[in-house]
Amino acid sequence: MGGSAFNAEAMTYLIAIFVYLCLLAGIGIYKSRQVKTQEDFTVAGRTLSPWIMVCTMLAVWIGTGSIVGNAGKTYEVGMAAFFLPIGTFVGMILLSFIATRARNIEALSVPEIIGRRFGNTARLLAVVALVIAYMVIVSYQFNAGGMVLEVIAGKKEKAATALGDSLTKNQVRKGYFHYEPPQDWTGTTEIKFHVKAKDSDKWSQKPEIFTVKVVKSTDIISEKAKTTRLTNISVIKENTFTRVIIEGYDDGFKKRDGIYRLAEIPKEGEIYLHEPVLTAHRATIIAAIFIIAYTMLAGLMSLAFADIVTGIIITVTLLIAFPVLLIKAGGFGGLQTAFAMMGDKPGHMKLLGVFSAADYINFLLPVFLLVLGDANQYQRIFASKNAKGARTAVIVMIFLALLVEELIIAEAWFAGSLTPDPENGRYILIYAARHFMPQALGIIFMITVVGIIISTADSFLLVPSTTFIKDIYLNHINPKASEKRIVFMSRLMVLTFGIIAWLVSRVFSESTTVFEKALYAFTVYGSAVTPCLVAALLWKRATKAGAISSILAGTVTTLLWEEIIKVHLPQEPAKLDAVLPAITLSVICLIIVSLCTTNKKEVAEGQQH
């Protein structure tokens, strides 16, 4: 798309989102005037009705992990992704039994509950685990906000390249440089580059080579399997294109590459630059600035009431989009035909036999553990008018969250059959809203996605800020701070953690998907905090030593698993992610250490709580 048509269409989406953001900002400014105390800022003055609670719990739970992470995973695996919400469903059922007890405690944060029962050391360790996990979660909300802006803005016109042309490191490493073979052509070709170091005028003597192998769609799976561990090679189906991304450098250029010059161009096909109008980096910065500023305005007071709109729009839009995308895909017959023609998606029409036992553990257990201990859900439980209302809201959420998550997966599955390019599959529903839905529905859907991202990011940004103020600042730094000072410090911590989260978004590898980031963050939190929290609420014999050992075991195991522990394991155990060993060790430490250190005084304190 180019010229005025592109500008007009893109501007329509951007204006609609801008109006929506102005509406949110207006709510935030209005509600900020009502924020007088820390309780107003963090738990909305404990004024939320069950209806508002359901909307805000849905908006924060159905976040980027669902709309981008689960949808992206659906693009990879197909129908089998319908199993992914099982962890949420079971976790919500168990949370409904805990909600009443949690609300009756009158706390402001999860670490506060842990600290009341197990002391300051356990409380501080819980804060550390929470901040690590939530900074990762906020970071990929920023990334997702950037994805929306990048997709809406679209791409510039294709720019043809020729022998001797120079490309920047950013153009090569970000995948903006493309190769497209001739129509119906198959074969192998090469693209060669000379590389210049960014701190000198020296060019590499030996060219870097990128190989492209174009094959029939029926051969794509077997041919890709042969090149799994190779770099600088791309195997693609005929009549598609590939992004040329160079990895690895000779002649001492590693991590010092600056400029690439085309040394040899393919004899068949064309090479060109196809850059986005708005780069992911700039788009992510814009998203981060708005999210941080909005959260600073009024905390949960603004979020809760904006989420009434978002929660309704999420449900209604997904229900409308379901038949639209199914019809666009040609029904189930069209899905089957499209996936068969792609060649590299043979399992997309299979419900069973796609995931291994290790996959089910890796994908479902982290989500289950997060739901059961998520500080965001507890914050909304704390904000309820009463315990009965809290339990009612959680019971409704059991079924509403399942419905919405399954709709997201179904629609990603439908849209995947229309999207052969895996680059667009990373954010398949955002792409589908822009390209496969009628414009009016696409605009509403995109606004829905923006609302989801903002609600989730703000919530996960607010929790560590609240936790720091309640569990560190008021406990150890300034116990006599005035309410005005506390609100000011809360806003300052939102800004601080927002900047940290943006820096975290820059640390992860670009190849790391939102789905993978989400599972990692859920594992850190779920294995470290959830067992300790559940024990604080339900197990009278849990002790301080047991809680501390549990948090340490869960956190350390998760952080060390991939790089240090997993590499030394046999093939089968190495298929497991950190979640099973981390939660196993965490629970074992909690139980055994507690039983070995139980004394009458701690049991009595447990009964009081």
Side-chain angles (χ1 to χ4, degrees), residues 60-61 63-74 76-77 81 84-85 87-88 91 125-144 147 284 355-356 358-376 426-427 453 456-457 459-461 463-464 497 500-531 551-567 569 573-586:
V60 72
W61 182 252
T64 304
S66 300
I67 207 77
V68 178
N70 283 358
K73 193 64 179 178
T74 303
E76 292 179 24
V77 303
L84 294 178
T88 301
L125 289 173
V127 170
V128 171
L130 183 148
V131 168
I132 292 172
Y134 280 29
M135 288 301 93
V136 176
I137 293 173
V138 174
S139 75
Y140 64 71
Q141 309 301 324
F142 292 167
N143 292 144
M147 288 177 188
T284 299
F355 291 148
S356 65
D359 288 333
Y360 283 113
I361 293 170
N362 293 339
F363 300 159
L364 304 185
L365 188 54
V367 181
F368 165 77
L369 293 172
L370 181 70
V371 174
L372 200 56
D374 182 18
N376 269 304
R426 292 187 305 118
Y427 37 74
I453 292 168
T456 307
S459 298
F460 280 94
L461 189 54
V463 166
F497 283 123
I500 293 171
W502 179 77
L503 293 173
V504 170
S505 73
R506 306 276 293 161
V507 170
F508 276 96
S509 164
E510 289 185 25
S511 62
T512 306
T513 65
V514 168
F515 187 78
E516 292 167 337
K517 292 177 185 177
L519 292 183
Y520 177 78
F522 297 174
T523 300
V524 172
Y525 186 89
S527 61
V529 177
T530 299
I551 296 172
L552 288 173
T555 305
V556 172
T557 303
T558 302
L559 296 179
L560 299 183
W561 181 258
E562 287 293 329
E563 301 298 330
I564 297 178
I565 301 174
K566 190 174 179 177
V567 292
L569 296 176
K575 292 179 180 178
L576 289 170
D577 289 341
V579 64
L580 185 60
I583 189 61
T584 301
L585 288 175
S586 179

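Computed from a predicted model, the values in this text were never measured in an experiment.
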J.: Is any side-chain heavy atom of Val371 closer than 4.5 Å to one of Trp61?
T.: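 Yes, their side chains come closer than 4.5 Å.
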
J.: Check the pair Val128 / Thr555 against side-chain contact (heavy atoms from CB on, under 4.5 Å), numbers first and verdict last.
T.: CA-CA 9 Å; Val128 171; Thr555 305; 5.8 Å; no

J.: Roughly how far apart are Thr557 OG1 and Leu552 CG, rounded to 0.5 Å?
T.: 10.0 Å

J.: Of all the heavy-atom pairs spanning Asn362 and Leu519, show the shortest one and how long it is.
T.: O-CD1, 3.7 Å

J.: Looking only at heavy atoms, what is the nearest atom pair of Ala126 and Ile551, with distance?
T.: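 It is N-CD1, 4.1 Å.
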
J.: At their closest point, which heavy atom of Ala129 faces which heavy atom of Ala528, and how far apart are they?
T.: CB-CB, 3.8 Å

J.: I need the minimum non-hydrogen distance between Ser527 and Ser586, along with the two atoms involved.
T.: O-OG, 2.7 Å

J.: Begin with the C-alpha distance, continue with both residues' side-chain angles, and end with the deciding distance and a verdict on side-chain contact (heavy atoms from CB on, under 4.5 Å) for Val68 and Tyr140.
T.: CA-CA 10 Å; Val68 178; Tyr140 64 71; over 6 Å; no

J.: How long is the straight-line distance from CG of Leu580 back to CD1 of Ile361, given to the nearest 0.5 Å?
T.: 5.0 Å

J.: For the CE atom of Met135 and the CG atom of Leu461, what is their distance to the nearest 0.5 Å?
T.: 6.0 Å

J.: Can you measure from OH (Tyr134) to CD1 (Ile137) and round to the nearest 0.5 angstrom?
T.: 6.0 Å

J.: Within the structure provided, determine whether Val514 and Met147 are in side-chain contact (heavy-atom separation under 4.5 Å).
T.: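 Contact flag for Val514/Met147 side chains = yes.
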
J.: How far does CD of Glu76 sit from CZ of Arg426, to the nearest 0.5 angstrom?
T.: 11.5 Å

J.: Applying ring-ring contact (aromatic ring centres under 6.0 Å, His included) between Phe363 and each of Phe355, Phe522, Phe368, report the one that passes.
T.: Phe355

J.: Do any N or O atoms from the side chain of Lys566 and from the backbone of Ala574 form a donor-acceptor pair under 3.5 angstrom?
T.: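 Yes: the side chain of Lys566 pairs with the backbone of Ala574.
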
J.: Closest heavy-atom contact between Pro464 and Leu130?
T.: CA-CD2, 3.8 Å

J.: Which distance, rounded to the nearest 0.5 Å, do you find between the CD1 of Ile500 and the OG of Ser139?
T.: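 Going from the CD1 atom of Ile500 to the OG atom of Ser139 covers 12.0 Å.
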
J.: Any side-chain heavy atom of Asp374 sitting closer than 4.5 Å to one from Phe460?
T.: yes

J.: Testing Thr558, Leu369, Asp577 one by one against Thr523 for a side chain to side chain contact (heavy atoms under 4.5 Å, CB included), which residue passes?
T.: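 Among Thr558, Leu369, Asp577, the one meeting side chain to side chain contact (heavy atoms under 4.5 Å, CB included) with Thr523 is Thr558.
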
J.: What verdict does the side-chain contact (heavy atoms from CB on, under 4.5 Å) test give for Ile583 and Leu365, after you've listed the backbone C-alpha separation in whole Å, the side-chain angles of each residue and the deciding distance to 0.1 Å?
T.: CA-CA 9 Å; Ile583 189 61; Leu365 188 54; 3.9 Å; yes

J.: Only one of Ile453, Asn143, Val138 clears side chain to side chain contact (heavy atoms under 4.5 Å, CB included) with Thr64; which?
T.: Ile453

J.: Taking all atoms of both residues into account, what is the closest heavy-atom pair of Thr530 and Gly373, and its distance?
T.: OG1-CA, 3.6 Å

